[in-house]
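First comes the structure, then the notes that go with it.
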Amino acid sequence: MFDPWNLLDERGSWFSGEWPTLPELFFRAADAHPEKLCFFMRSPAEERYTYGEVRRMITAAAAHLAASGIQPGDRVVLIGKNSPMWAVS
């Protein structure tokens, strides 16, 4: 049976703090299950994204921000419709 507390035993192997961050948890899930469905949306059109696809989108968005001169600690404004892309950003 899956015990979520067991992931704390992995401290140091994939996260360094007392608790893993949400991005660390996401990337761990994406590494373990890249082919599994991460997001599904029906409106206005059906869209499906796997963990692997979302990981690639997140990495590309981060690279674009860095190439644009955005640095850790900078503030960025996001404007858009409700969609899975909010999680990517």
To the nearest 0.5 angstrom, please state how far the NE2 atom of H33 sits from the CZ atom of R28.
-> 8.5 Å

Do W19 and F15 belong to the same hydrophobic cluster, where Ile, Leu, Val, Met, Phe, Trp and Tyr are linked whenever their side-chain heavy atoms lie under 4.5 Å apart, directly or via other members?
-> yes

Separation of F39 CZ from E47 CD (nearest 0.5 Å) | 11.5 Å

Any sub-3.5 Å donor-acceptor pair from W86's side-chain atoms to K81's backbone N or O?
-> yes

Please output the side-chain donor-acceptor pairs of residues 59-73 that fall under 3.5 Å, not counting sequence neighbours, one pair per line with the distance.
unit_1: T59; atom_1: OG1; unit_2: R55; atom_2: O; d: 2.9
unit_1: S68; atom_1: OG; unit_2: H64; atom_2: O; d: 2.9

Does any non-hydrogen side-chain atom of D31 lie less than 4.5 Å from one of F26?
-> no

Salt bridge (Lys or Arg N to Asp or Glu O under 4.0 Å) partners for R48, two or more places apart | E46

Might you confirm whether atom CG of L78 has over 12 heavy atoms from other residues, nucleotides or ligands at distances under 6.0 Å?
-> yes

Nearest non-hydrogen partners of Y51 and A30, listed with the distance = CB-CA, 3.8 Å

Side chain to side chain contact (heavy atoms under 4.5 Å, CB included) with T50: which residues, sequence neighbours excluded?
-> E53

Can you measure from CZ (F27) to CG (L22) and round to the nearest 0.5 angstrom?
-> 11.5 Å

Smallest separation among heavy atoms of Y49 and V54, with atom names | CB-CG2, 3.7 Å

